[in-house]
Amino acid sequence: MAVQLHSDGEAEQVRGIDWALLRRLLVFLRPYRGWLLLGVVLAVLGAVIAPARPYVSKLAIDHALHFQEWGSFAWLLAGVLALVLVYAALQYGVTYLLQWIGQRALLAVRTEVYEHILRLGLRFHDTTPVGRMVTRVTNDVEGLSEFFSSGLVQLIADLLLLLCLVGFMVATDWRLALLTLSVLPLLVIASLLFRAKVRKVYRQIRQQLARMNAFLNEYISGITTIQLFQQEAEQFRRFERLNRRYLQLQRRSIFYYAVFFPSVDLVWALAIVVILWYAAHWLGVGGLTVGTLIAFMQYVEMFFRPIRDVTERYNVLQTALVSAERIFDILSVRQRIEDAPDAVPMPPLRFGIEFRQVTFSYDGVTPVLRDVSFTLRKGQMVALVGATGAGKSSVVSLLCRFYEFQAGDILIDGRSIRKLQQASLRRRIALVLQDDVLFSRTVLENIVFGRREISEQRVWQALQRLGLEEFVKRLPHGLATVVGERGVNLSAGERQLVALCRAFVGEADIIILDEATAHLDSETERLLEGALERLRREGRTCIIIAHRLATVQRADCVIVLHRGQVREIGTHAELLARDGIYARLYRLQHERELAA
Ligand SMILES: Nc1ncnc2c1ncn2[C@@H]1O[C@H](COP(=O)(O)OP(=O)(O)O)[C@@H](O)[C@H]1O
Ligand SMILES: [Mg+2]
């Protein structure tokens with residue numbers, strides 16, 4: 001059964017702090033342990049130095065200034081200045097270090113996710129929207145960004161700073177300290193309320209963003225259809241609805257922030273009022289000095305910043321955990337066909353291929369192929385024919401081992417393909433599809449397609465041998481022609497020819513064309529048939545799925561599939577004589593081609 005990614009909403013259910021998840025996340029930071037430790041040390045130093053500044057200035061005011069000791073006053077002022085400078089330097093170090101570590105870790109996560117997606121089986125890709133995967137590689141990874149780059153260390157530093165501040169405050173004047181801290185419950189209540197609200201709205205924002213990404217991906221890919229059916233306005237309206245909802249959610253989050261920060265400031269003002277009220281009573285009398293008063297004003301200021309930030313940091317952590325859950329969600333999908341432990345590399349084809357009572361279904365429910373059996377010998381050209389949906393492409397997919405079949409076996413030179421290493425199997429097969437994908441690079445790069453052993457010279461030789469040289473020379477810049485995304489600037493026929501060249505220049509023993517001639521005009525098709533003829537003479541085995549008769553007629557053997565079953569096998573002449581499905585198909589085609 002298909003394993004599916006959680007839809008974009010479902011994975012958002014994590015609440016509180018999931019420690020197991022956090023630990024898995026920290027694995028990505030492990031390579032930077034040393035640097036991270038340095039970051040923590042610097043941050044801790046900063047946390048200690050920050051509250052020392054008001055303390056030193058208190059000393060300067062209460063002692064040096066009060067007793068007019070100008071010498072020590074100057075020294076203490078210099079001390080304050082030094083603390084400010086050291087603190088700034090520490091901040092620089094911490095920020096730079098943490099951002100750098102964070103970006104490195106993100107790079108690692110992004111690479112891992114993409115690599116994982118590349119290796120997932122087609123079964124998975126069939127059932128997962130591309131937009132969702134793109135969101136995982138981009139937005140979700142980005143969701144870890146702040147956590148990796150500052151969240152964790154800063155959280156530690158902030159908590160430490162708060163602790164140090166309380167220490168310094170109590171040491172300076174414990175009664176004033178208690179009084180100042182008495183406003184704390186208000187702050188805690190405000191923060192808790194804020195956190196709950198913001199968390200909810202953030203989750204909604206992320207879901208909405210994923211929805212928008214999926215929408216854009218699907219509809220921009222289908223732009224031709226949209227324009228053809230003049231659906232621009234309608235699709236625009238649909239997007240506008242998504243977009244508006246996003247705006248609403250963003251506005252709600254802005255509202256919470258806009259309420260929260262002034263509330264914090266209000267509590268801060270309250271703390272100042274309390275301190276001043278206390279000062280009005282006790283200044284001079286109760287041992288309260290001007291220096292202490294000034295120091296406390298600064299403490300209070302310092303105190304409120306991390307409290308505001310801790311709330312933020314908690315959100316960063318939440319975001320990271322939600323993202324992490326979604327990332328691990330995709331990383332945990334093991335949906336690919338694994339090589340058997342005793343799988344061997346596929347040697348060059350020597351005898352042939354046999355399908356032995358193969359039964360297959362994509363979803364485990366609807367049968368697609370039933371008891372399919374046939375053999376093809378090396379060097380043969382075999383045509384697979386049948387109505388749309390008969391199962392022709394599925395036969396080919398099984399041979400490439402894109403999917404696992406449920407019963408029967410596929411034997412290559414007598415060995416089950418389950419016992420062959422997939423990579424080596426696929427190297428020996430060249431598959432050309434009806435709408436084969438080209439990538440936005442040059443034609444040469446598309447033909448070579450990462451196979452380093454293929455030189456430009458070899459490409460030319462192969463093209464020459466196959467009689468496709470002329471075609472390439474006709475392209476605007478020959479092999480250097482740059483193909484647009486998905487090959488948009490080439491005609492469908494040209495795209496197919498490039499895809500065919502890509503398949504032919506390799507060393508593949510088995511060449512499969514799955515309706516790969518559909519876009520070719522008759523002249524080009526003749527060109528292609530010449531090429532196929534030469535490939536056959538080189539001893540390569542060809543499987544051709546085509547509707548055009550000329551191609552099928554020339555095949556050594558025709559296999560007729562009907563609703564997932566092999567119904568007829570034989571040469572063109574034999575099958576015509578038999579007057580069955582093939583003969584009927586042939587007559588229909590023939591009439592159509594005569595009419596055309
Ligand atoms: N990736 C897929 N997932 C589920 N069902 C599929 C998939 N590809 C094809 N099918 C179904 O399998 C049947 C055979 O399809 P296919 O082999 O593509 O036929 P053909 O190539 O002969 O037109 C069809 O009913 C089709 O709907
Ligand atoms: Mg097909």
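Only heavy atoms go into these numbers, but all of them, side chains included; no hydrogens, no water, no symmetry mates. Just so you know, ligand 1 is whichever comes first in the structure, and atom 1 is the first atom listed for that ligand.
Here is the list of ligand 1 atoms found below 4.0 Å of a heavy atom in G391: 14 (C), 16 (P), 17 (O), 19 (O), 20 (P), 22 (O). Taking a cut-off of under 4.0 Å to the non-hydrogen atoms of Y403, the atoms of ligand 1 that pass are 1 (N). Within the listing of ligand 1, atoms 1 (N), 2 (C) sit less than 4.0 angstrom from a heavy atom of D126.
Under a 3.5 Å cut-off, the side chain of R495 and the backbone N or O of V437 do not form any donor-acceptor pair. With D413 contributing its side chain and G352 its backbone, the two residues share a donor-acceptor pair below 3.5 Å.
Counting heavy atoms closer than 4.0 Å to ligand 1, residue F402 contributes nothing at all.
At least one N, O or S atom of S393, from either the backbone or the side chain, sits less than 2.8 Å from the Mg ion (ligand 2).
Remark: ligand 1 and T388 share no N or O pair separated by less than 3.5 Å (distance only, no angle test). For ligand 1, none of its N or O atoms has an N or O atom of E515 under 3.5 Å away. When only interatomic distances are considered, the shortest N/O to N/O separation between S393 and ligand 1 falls below 3.5 Å. Ligand 1 has an N or O atom lying under 3.5 Å from an N or O atom of A390, backbone or side chain.
Using a 4.5 Å cut-off on side-chain heavy atoms (C-beta onward), D514 and K392 make no contact. Residues R427 and R451 are not in side-chain contact: their nearest non-hydrogen atoms beyond the backbone lie 4.5 Å or more apart.
Protein heavy atom in closest approach to atom 17 (O) of ligand 1: S394 OG, 2.5 Å. For atom 13 (C) of ligand 1, the nearest protein heavy atom (residue, atom name, distance) is V368 CG1, 3.8 Å. Looking only at protein heavy atoms, the nearest one to atom 5 (N) of ligand 1 is Y362 CD1, 3.2 Å. Of the protein's heavy atoms, G389 N, 2.7 Å lies nearest to atom 23 (O) of ligand 1.
Judged by distance alone, the side chains of Q461 and R458 never bring a donor and an acceptor atom under 3.5 Å apart. Side chains of D363 and S361: a donor-acceptor N/O pair is present below 3.5 angstrom, by distance only. At a cut-off of 3.5 Å, with distance as the only test, no side-chain donor of Y403 or S394 sits close to an acceptor on the other residue.
Within 4.0 Å of atom 7 (C) of ligand 1, at least one protein heavy atom is present. There is no protein heavy atom closer than 4.0 angstrom to atom 27 (O) of ligand 1.
In plain terms, the two heavy atoms of F124 and T128 that are nearest each other are O-OG1, 2.9 Å. Of all the heavy atoms in F328 and R24, the pair that sits closest is CD2-NH2, 3.3 Å.
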